Structure formats: C-alpha cells, structure tokens
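All chains are named by letter (A, B, ...) in the order of the sequence lines, taking the proteins before the strands, and each is independently numbered beginning at 1. Model, not experiment: these values are computed from the prediction.
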Number of protein chains: 2
Amino acid sequence: MSFNTPTKTVLYSIEETIKAYRKLSQYNISSIVPKITIDQALILIIISHSDNTQTEIANLIFKDYASMTRIINLMISKDYLTKTLDKIDKRKAKLKITENGKIIIEKLTPMIKLNRETALKNISYKEQEQLFKILKKITQNCKTIDNEN
Amino acid sequence: MSFNTPTKTVLYSIEETIKAYRKLSQYNISSIVPKITIDQALILIIISHSDNTQTEIANLIFKDYASMTRIINLMISKDYLTKTLDKIDKRKAKLKITENGKIIIEKLTPMIKLNRETALKNISYKEQEQLFKILKKITQNCKTIDNEN
DNA sequence: AGAATATACTTGATATGTCAAGTAATAGTG
DNA sequence: CACTATTACTTGACATATCAAGTATATTCT
C-alpha cells in the first residue's frame, strides 16, 4: 500500500489516549458532582491555586480565548465563580471562586488525583519522562510552521 | 505543594501535542482546500480505501456516532460524498465519494503525508514505538473503568 | 497630547464532542 | 410467527474548538 491510512500513525494513538482519559475523568467526576465538566473542574482548581487572568489560564490549559470566555460565563451562571474587573487594568478579569465553588473543589480534588493515578498506573517514572520528551518534540515540530524541506 | 496542578501532568502534554498537530494540519490543509476540516479530509481518505459503514469509520477515528452523522451530513452538503442505503441491510449507509471528493483527495494526499512527516521529524522509529506502547498502556488503564485500589 | 499598536476579552458563525433518548431494520428466541 | 434484543444510525440539548471580526482599555512612539 503506497499510502498508509492516517489512522495507523502514532499520532492517532495520541488522539485515542486523550479521548480515553477524558472519558474516564468525566465519568468519575460526574459521579461526584453531576453536570460539571472536566474543563470546568480543572479551571476551578487552577484558579484556587493562583489568581491568573483568563488569558493566562487559557494558555495554561491550551484553550482558545473564545472558548475560555464561554466556559467562564457558564461557570459564573452555575455559581462556581464571580468575575470583576481588575481595578488597575480594566481590561483584565478578576476571577474568584464562590463558596459553592470551594465545596466543589473539596469534593473533586481526590477524584482528580485518582484519575491521574489510574491513567498512569504501571507507567514508570522513566516512561513518563520518555513520553514527555517525545511529545514535546512533536509539539515543537508542529509549531515550526515553515515546513520547507 | 500537596496537590500538583493537573497541568503539570504528562497527560496535559498529550493534550498540548494533539492540539498543536491539529492546528498544523488544519493550517496546511486549508491552504490547499479552503473550508475542509481535517476530520472531513481524514474521513474522505478512509472511505477511499475501503467501504466501511459510518459506525466502522467512527470507531476507526475514535468519534462518537452522533458526531459522525453530523460530519457525514456536512460532507454530503459540500458535495464530497453521497449516501445510499445498503440494499442487504437497510440500516447501514453506503458512502460513496463524488468526483469532486476524488479531486480533493488527490490534492490533499501529499499534504497529509507531509503533515505527518513534519510532526514526526527527528522522532526515531524506536521513539515512535516507545510512544505507541506507553500511549496504549495509558489508554488501557483508562478503559478499565473499575478503579478500585 | 495624539496616533498607532498592543493587550484582554467578547461575539458570531460553524464544526465537533458527548450524553440521552428515539427510530427503523435485523437477528435471535421460544 | 410473535416477542425481545441488538444494531445502525439520528436528533436534541448543551459544551467546547476554532477562525474572524469587533470592543475597550493600555502602552508606546512621535
């Protein structure tokens, strides 16, 4: 066969893995806090550790700014967060976790940890390092837009 | 810090990598055939190599059946595909590539190959094997739903 | 200060992801 | 053959992804 079906590439294993992980995470998180998404849970936890702006959070979790706006709005409407303007720089948003949001974090934190452990069970530290290195290389390759060659 | 931010896990590198790859692919494909998505291009190529049913294709590329229905409908409306009922089993859909679709495949095939090469540049065969193995392990871990432990 | 840029975020349009519920056709069972 | 279960796909509702265009505020430059 002169042209291997793209699905045979390792790149599709990456897709497969991330989808499996997301599914597991969502399933387990939903069993504790129904209707929250893994993205929303992740964002809650990030905010609880620092007071990043929307844009900074978006960059942390590789999300588009547009998506971020929408996710944040949903989280506000669900009473996980409040948003006020930064008094120094009125372009920026100050995100604060509500009491309700704090309770949710308490509930979810152990499960999120467990999800990671479940996914990485029997993956040695060395393997995780290898994985990390190779993935970073691929990421870099993809970011050098000029593919003259 | 007692609870590492989830974004520090290798699992988020997986997200990062797949997003970078998708971005590169979409960017390059769009330069040749505007308005086609990488998913649609991938599906076109898969159909051109076999006559799988929708469900089978969905499984190949890890897509939900609902998404598949919608993507196929879009592809029909864009004149990439036609769909008829299988005469033997009327539940099944027969997907056929239109002339227009064939031209698009011709145009895109080299670029899709190049995208893969770009992403995997300087990743040795051995590394790809390692990557594949570790990813499969993680995928398996995530699919064993019972995380009693 | 005024103009040009840049930053932080928003909105619209369209595509896809995901769960739940539904339809039509087929297969399996008593 | 009637009944039930399964399969293949669809639809609705909602969340997120992505690009493009837009708004408001800050910053830089002249």
Side-chain angles (χ1 to χ4, degrees), chain A residues 15-16 18-31 33-43 51-78 80-81 83-95, chain B residues 15-16 18-31 33-43 51-78 80-81 83-95:
Chain A
E15 278 276 0
E16 185 180 19
I18 201 64
K19 285 193 179 174
Y21 176 60
R22 288 192 147 254
K23 205 155 199 166
L24 169 77
S25 299
Q26 185 64 65
Y27 180 84
N28 285 336
I29 283 180
S30 294
S31 73
V33 180
K35 301 202 174 181
I36 198 171
T37 69
I38 36 174
D39 291 314
Q40 292 173 6
L42 178 58
I43 290 170
D51 61 339
N52 295 309
T53 63
Q54 271 186 219
T55 304
E56 288 165 344
I57 298 170
N59 290 331
L60 264 177
I61 59 179
F62 321 114
K63 290 216 180 288
D64 192 84
Y65 307 128
S67 295
M68 195 40 77
T69 296
R70 286 168 183 130
I71 296 173
I72 294 294
N73 284 342
L74 277 171
M75 291 177 75
I76 292 168
S77 75
K78 284 178 174 178
Y80 302 155
L81 288 180
K83 173 159 149 183
T84 52
L85 291 184
D86 184 304
K87 284 182 185 169
I88 299 169
D89 186 337
K90 286 177 189 166
R91 291 169 305 183
K92 291 181 183 172
K94 279 274 175 210
L95 300 171
Chain B
E15 265 300 342
E16 185 181 19
I18 201 64
K19 284 192 179 175
Y21 176 60
R22 285 190 149 257
K23 204 155 198 168
L24 169 76
S25 298
Q26 185 65 66
Y27 180 84
N28 285 336
I29 282 180
S30 294
S31 73
V33 179
K35 302 202 172 179
I36 198 169
T37 69
I38 36 174
D39 291 314
Q40 291 172 7
L42 178 57
I43 290 170
D51 61 339
N52 294 311
T53 64
Q54 272 186 219
T55 305
E56 287 165 344
I57 297 170
N59 291 332
L60 264 177
I61 59 179
F62 320 115
K63 290 214 181 289
D64 193 85
Y65 307 129
S67 295
M68 195 42 77
T69 295
R70 285 167 184 131
I71 296 173
I72 294 295
N73 284 342
L74 277 172
M75 292 178 74
I76 291 168
S77 75
K78 285 179 174 176
Y80 301 156
L81 288 181
K83 174 160 148 183
T84 51
L85 290 184
D86 185 303
K87 286 183 183 170
I88 300 169
D89 186 339
K90 285 176 190 169
R91 290 170 305 182
K92 292 182 183 171
K94 278 276 175 208
L95 300 170

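Rounded to a whole Å, the CG atom of L24(A) is 15 Å from the C1' atom of dT18(C). Note: NZ (K92(A)) to C1' (dT10(C)) measures 18 Å, nearest angstrom. A straight line from CG of D39(A) to C1' of dG17(C) spans 11 Å, rounded to a whole angstrom. Per the geometry, OH belonging to Y65(A) stands 17 Å off C1' belonging to dT23(D), to the nearest Å. In this structure, I36(B) places its CD1 atom 18 Å from P of dT14(C), rounding to the nearest Å. Rounded to an integer number of Å, the gap from R22(B) CZ to dA17(D) C1' is 9 Å. Q54(B) places its CD atom 13 Å from the P atom of dT16(C), with the value rounded to the nearest Å. Between the C1' atom of dC19(C) and the NZ atom of K63(B) lies a distance of 17 Å, rounded to the nearest Å.
Along DNA chain D, the nucleotide nearest to A66(A) and the one nearest to A66(B) differ in position, and the one closer to the 5' end is contacted by A66(B). With DNA chain C read from its 5' end, the first of the two nearest nucleotides for K94(A) and K23(A) is the one closest to K94(A). Of the residues near DNA chain C, E56(A) and E15(A), the one whose nearest nucleotide (by heavy atom distance) lies more toward the 5' end is E56(A).
The structure places CG of N59(B) at 11.5 Å from CD of Q54(B), a figure rounded to the nearest 0.5 Å. The CG atom of L95(A) sits 5.0 Å away from atom CD1 of I72(A), with the distance rounded to the nearest 0.5 Å. Considering NZ of K35(A) and CG of L74(A), their distance stands at 12.5 Å, rounded to 0.5 Å.
Residues passing the salt bridge (Lys or Arg N to Asp or Glu O under 4.0 Å) test with D89(A), sequence neighbours excluded: R91(A).
Among the protein residues, Q26(A) comes within range of no part of the nucleic acid, since none of its heavy atoms lies under 4.0 Å from any strand. Counting any heavy atom pair closer than 4.0 Å across all strands shown, K83(B) reaches sugar-phosphate atoms only and no base atom.
Across residues 67-75 of chain A, S67(A), R70(A), I71(A), L74(A) each have a non-hydrogen atom less than 4.0 Å from an atom of DNA chain D (numbered order).
The closest side-chain heavy-atom distance from K63(A) to K19(B) is below 4.5 Å. Side-chain contact between R22(A) and D39(A) is present, with heavy atoms from C-beta onward closer than 4.5 Å. Between E15(A) and I61(B) there is no side-chain heavy-atom pair separated by less than 4.5 Å.
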Within the sub-3.5 Å range, which N or O atoms of nucleotides 24-27 of chain C have a protein N or O partner, and how far apart are they?
{"from": "dT26(C)", "atom 1": "OP1", "to": "I88(B)", "atom 2": "O", "distance (Å)": "3.3"}
{"from": "dT26(C)", "atom 1": "OP1", "to": "K90(B)", "atom 2": "N", "distance (Å)": "3.1"}

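Residue I43(B) forms a side chain to side chain contact (heavy atoms under 4.5 Å, CB included) with just one option from L60(B), N52(B), I57(B), T37(B), and that option is I57(B).
Remark: K23(A) NZ is loosely packed, at most 12 non-hydrogen atoms of other residues, nucleotides or ligands lying under 6.0 Å away. Within a 6.0 Å sphere centred on NZ of K90(A), heavy atoms belonging to other residues, nucleotides or ligands number 12 at most.
One finds a side-chain N or O of T55(B) lying less than 4.0 angstrom from the OP1 or OP2 phosphate oxygen of dC9(D). Within the structure, a side-chain polar atom (N or O) of T37(A) is placed less than 4.0 Å from OP1 or OP2 of dT16(D).
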